[in-house]
Amino acid sequence: MIQYNIALIGFGGVNRALAQMIAENNDRWNAELGLRLNIVAVTDLHLGSVISPNGIDARLLVETKFARGGFAQLSGGSAEADNEKVIKQAPADIVVEATFTNPVDGEPAISHCRWALETGKHVVTTNKGPVALAAPELKSLAARHGVKFEYEGAVMSGTPVIRMAQRTLAGAGLHGFEGILNGTSNFVLGRMEGGLGLEESIKEAQDLGYAEADPTADVEGHDVRLKVVILANELLGGKLTPQDVACNGISGLTAADIDAAAREGYRWKLIGSASVSGDGGIAARVAPQRLPLDHPLAAVGGAVNAISFKTDLLGAVTVTGPGAGRVETAYALLSDIIAIHQSRPSANKKEAA
Ligand SMILES: NC(=O)C1=CN([C@@H]2O[C@H](COP(=O)(O)OP(=O)(O)OC[C@H]3O[C@@H](n4cnc5c(N)ncnc54)[C@H](O)[C@@H]3O)[C@@H](O)[C@H]2O)C=CC1
Ligand SMILES: N[C@@H](CC=O)C(=O)O
């Protein structure tokens with residue numbers, strides 16, 4: 001059995017859900033995978049920070065109602081969120097970055113990842129900022145320090161599309177994709193079809209843990225734009241920045257637009273897409289589209305996402321699954337940790353034997 005010490009950066013919906021999973025599943029993971037997770041540090045802008053080399057009881061972390069600065073009441077705790085100290089000094093093997101996504105410059109999450117990798121710690125993250133805006137730098141930093149930078153949850157939450165496409169569509173001639181890549185806007189469109197207003201629908205998505213800290217990023221398409229950049233760069237060999245992706249969200253759609261589409265046998269969906277063009281460039285965009293009801297993406301409802309990969313050998317390969325949610329996204333972090341566990345040299349030696 002291998003025990004991984006982990007540091008949680010940000011203690012909002014996703015990292016709390018991961019702590020809850022740890023409280024409930026360590027014994028099963030040990031039996032099935034030969035690993036256990038031990039939380040040795042947590043830091044959060046509002047709650048403060050705590051380092052405890054022997055481990056913090058995951059159940060106590062999720063069950064305690066901490067007030068602002070409340071980590072000060074824990075042994076080794078402080079009311080200040082000293083992220084740099086926690087990331088550099090905590091005895092963690094893996095840093096779990098789940099602070100807010102900053103779509104403009106990716107900070108402070110990019111710095112969090114840099115500090116971790118530079119001090120020889122693996123990083124797993126659901127934060128789209130570092131992946132969309134600094135992946136080449138962070139991957140090369142990871143390689144130089146012999147650690148991993150993993151980010152499956154940055155696109156489609158717990159639905160494993162990045163690793164799946166990289167590994168199982170290799171050689172199929174992937175040349176493009178289109179998909180529903182934002183759970184909040186898809187949920188909101190569905191609620192508006194049912195007669196609810198935009199603001200009330202967004203509020204529901206927030207309560208369910210789907211929306212970004214600033215939900216403008218969801219409804220204006222900025223979140224999908226980051227995901228399109230990530231997929232185009234990871235899977236199509238692009239070097240896109242968000243500025244390369246034309247972007248329109250759903251905030252301009254009115255109840256009348258939605259009703260008219262329904263009467264005419266269509267449904268509005270926010271679609272992110274990219275394709276390799278004849279000259280080898282990549283054309284990418286985010287825009288609401290009116291899809292006929294028999295289109296494969298038209299039936300995808302709620303916070304579910306779907307992506308259709310366009311390949312030479314298989315035609316379209318469509319994957320659908322959760323696109324947002326606290327537990328769903330925490331699962332992506334777990335899947336990254338398992339990927340790190342399974343890629344360790346001794347695991348590979350065992351497989352080869
Ligand atoms: N909730 C979801 O369905 C999904 C979320 N994500 C991404 O995962 C990340 C976390 O999401 P949630 O947990 O839902 O967000 P959240 O808003 O519930 O939690 C973020 C936490 O980070 C803390 N934080 C913000 N800035 C900080 C800083 N500088 N230092 C320390 N703590 C800081 C906040 O106090 C908050 O507790 C975000 O980047 C989000 O875009 C990705 C996929 C799905
Ligand atoms: N706010 C995002 C969360 C996942 O990336 C969404 O709704 O899809």
Side-chain angles (χ1 to χ4, degrees), residues 7-20 41-50 66 68-71 80-87 95-103 106-113 115 124-133 151-159 161-162 179-189 201-202 204-228 230 249-250 270 272 286 302-307 321-333 336:
L8 305 180
I9 314 305
F11 198 58
V14 171
N15 263 348
R16 266 175 198 276
L18 181 65
Q20 174 96 38
V42 190
T43 178
D44 185 275
L45 194 57
H46 300 300
L47 303 175
S49 45
V50 52
F66 292 104
R68 198 178 180 89
F71 285 169
E80 304 303 316
D82 195 344
N83 297 346
E84 185 165 1
K85 179 176 163 199
V86 165
I87 293 169
V95 166
V96 184
E97 215 293 344
T99 65
F100 87 109
T101 288
N102 178 339
E107 290 293 1
I110 292 177
S111 296
H112 297 161
C113 296
W115 294 332
V124 300
T125 187
T126 53
N127 194 318
K128 289 144 272 190
V131 192
L133 305 175
Y151 39 82
E152 183 61 61
V155 178
M156 282 179 68
S157 166
T159 308
V161 286
I162 300 178
I180 294 171
L181 300 173
N182 182 267
T184 299
S185 55
N186 203 49
F187 175 86
V188 164
L189 285 172
S201 308
I202 293 173
E204 277 192 15
Q206 287 176 310
D207 292 345
L208 290 163
Y210 304 150
E212 294 303 299
D214 175 1
T216 315
D218 296 295
V219 294
E220 297 298 350
H222 306 154
D223 177 74
V224 179
R225 178 162 58 177
L226 293 180
K227 290 166 175 166
V228 167
I230 293 169
I250 61 163
L270 182 62
V286 178
V304 174
N305 282 185
I307 188 163
R326 301 174 181 112
V327 173
E328 295 83 346
T329 310
Y331 173 74
L333 293 168
D336 284 341

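The figures that follow rest on heavy atoms only: side chains count, while hydrogens, waters and symmetry mates do not. Bear in mind the structure is a predicted one, so any value in this text is a computation, not a measurement. Read the numbers this way: they start at 1 and go in the same order the structure lists the ligands and their atoms.
- Taking OG1 of Thr184 as the start and CG of Asp223 as the end, the distance is 7.5 Å to the nearest 0.5 Å.
- Distance check: Tyr151 OH to Leu333 CG gives 14.5 Å after rounding to the nearest 0.5 Å.
- Ranking the protein heavy atoms by distance from atom 9 (C) of ligand 1 puts Thr99 O, 3.3 Å first.
- Here the shortest heavy-atom distance to atom 2 (C) of ligand 2, taken over Glu328, Gln206, Glu212, belongs to Glu212.
- If you number the atoms of ligand 1 from 1 as listed, the ones under 4.0 Å from a heavy atom of Gly325 come out as 2 (C), 3 (O).
- Listed by atom number, the atoms of ligand 1 under 4.0 Å from Thr329 heavy atoms are 2 (C), 3 (O), 4 (C), 42 (C), 43 (C), 44 (C).
- The protein atom (non-hydrogen) at minimum distance from atom 6 (N) of ligand 1 is Thr126 O, 3.7 Å.
- Only one option out of Leu181, Val131, Val161 pairs with Lys227 in a side-chain contact (heavy atoms from CB on, under 4.5 Å); it is Leu181.
- Proximity to Ala211 (heavy-atom distance under 4.0 Å) selects the following atoms of ligand 2: 1 (N).
- Only the side chain of Lys128 comes within contact range of ligand 1, with a heavy atom under 4.0 Å; no backbone atom does.
- Of all atoms in ligand 1, listed by their number and element, those nearer than 4.0 Å to a heavy atom of Gly153 are 42 (C), 43 (C).
- For ligand 1, none of its N or O atoms has an N or O atom of His112 under 3.5 Å away.
- Residue, atom and distance of the protein heavy atom nearest to atom 10 (C) of ligand 1 are Ala98 O, 3.4 Å.
- Residue Gly209 has at least one heavy-atom neighbour below 4.0 Å for each of these atoms of ligand 1: 1 (N), 2 (C), 3 (O).
- Close N/O approach between Asn305 and ligand 2 is not found [any backbone or side-chain N/O within under 3.5 Å].
- Of the protein's non-hydrogen atoms, the one nearest atom 4 (C) of ligand 2 is Lys227 NZ, 3.5 Å.
- Residue contacts with ligand 1, taken as heavy atom pairs separated by less than 4.0 Å, involve Glu212 solely via side-chain atoms from C-beta onward.
- Protein non-hydrogen atoms do not reach within 4.0 Å of atom 15 (O) of ligand 1.
- Residue contacts with ligand 1 include Pro108, since one or more of its heavy atoms lies under 4.0 Å from the ligand.
- Protein heavy atom in closest approach to atom 8 (O) of ligand 2: Gly183 N, 2.7 Å.
- Given atom 13 (O) of ligand 1, the protein heavy atom at minimum distance is Val14 N, 2.8 Å.
- The contact set between ligand 1 and Phe100, taken as ligand atoms under 4.0 Å from a residue heavy atom, comprises 26 (N), 39 (O).
- Each of the atoms 28 (C), 29 (N), 30 (N), 31 (C) of ligand 1 lies under 4.0 Å from some heavy atom of Asn83.
- Here Ala324 has heavy atoms under 4.0 Å from ligand 1 in both its backbone and its side chain.
- At least one protein heavy atom sits closer than 4.0 Å to atom 18 (O) of ligand 1.
- The closest approach between Met156 and ligand 2 stays at or above 4.0 Å for every heavy atom of the residue.
- Between Ala211 and ligand 1, not a single N/O pair is under 3.5 Å apart.
- In this structure, Ile9 has no heavy atom closer than 4.0 Å to ligand 1.
- Ligand 1 has an N or O atom lying under 3.5 Å from an N or O atom of Asp44, backbone or side chain.
- Near Gly323, meaning under 4.0 Å from any of its heavy atoms, are these atoms of ligand 2: 4 (C), 8 (O).
- The residues Glu212 and Lys128 are annotated as salt-bridged, a charged nitrogen and a carboxylate oxygen being separated by less than 4.0 angstrom.
- With respect to atom 32 (N) of ligand 1, the closest heavy atom belonging to the protein is Leu45 N, 3.0 Å.
- Counting the atoms of ligand 2 from 1 in the order shown, those under 4.0 Å from a heavy atom of Tyr210 are 1 (N), 2 (C), 3 (C), 6 (C), 7 (O).
- Applying the 4.0 Å criterion to heavy atoms of Asp218 picks out, from ligand 2, the atoms 1 (N), 2 (C), 6 (C), 7 (O).
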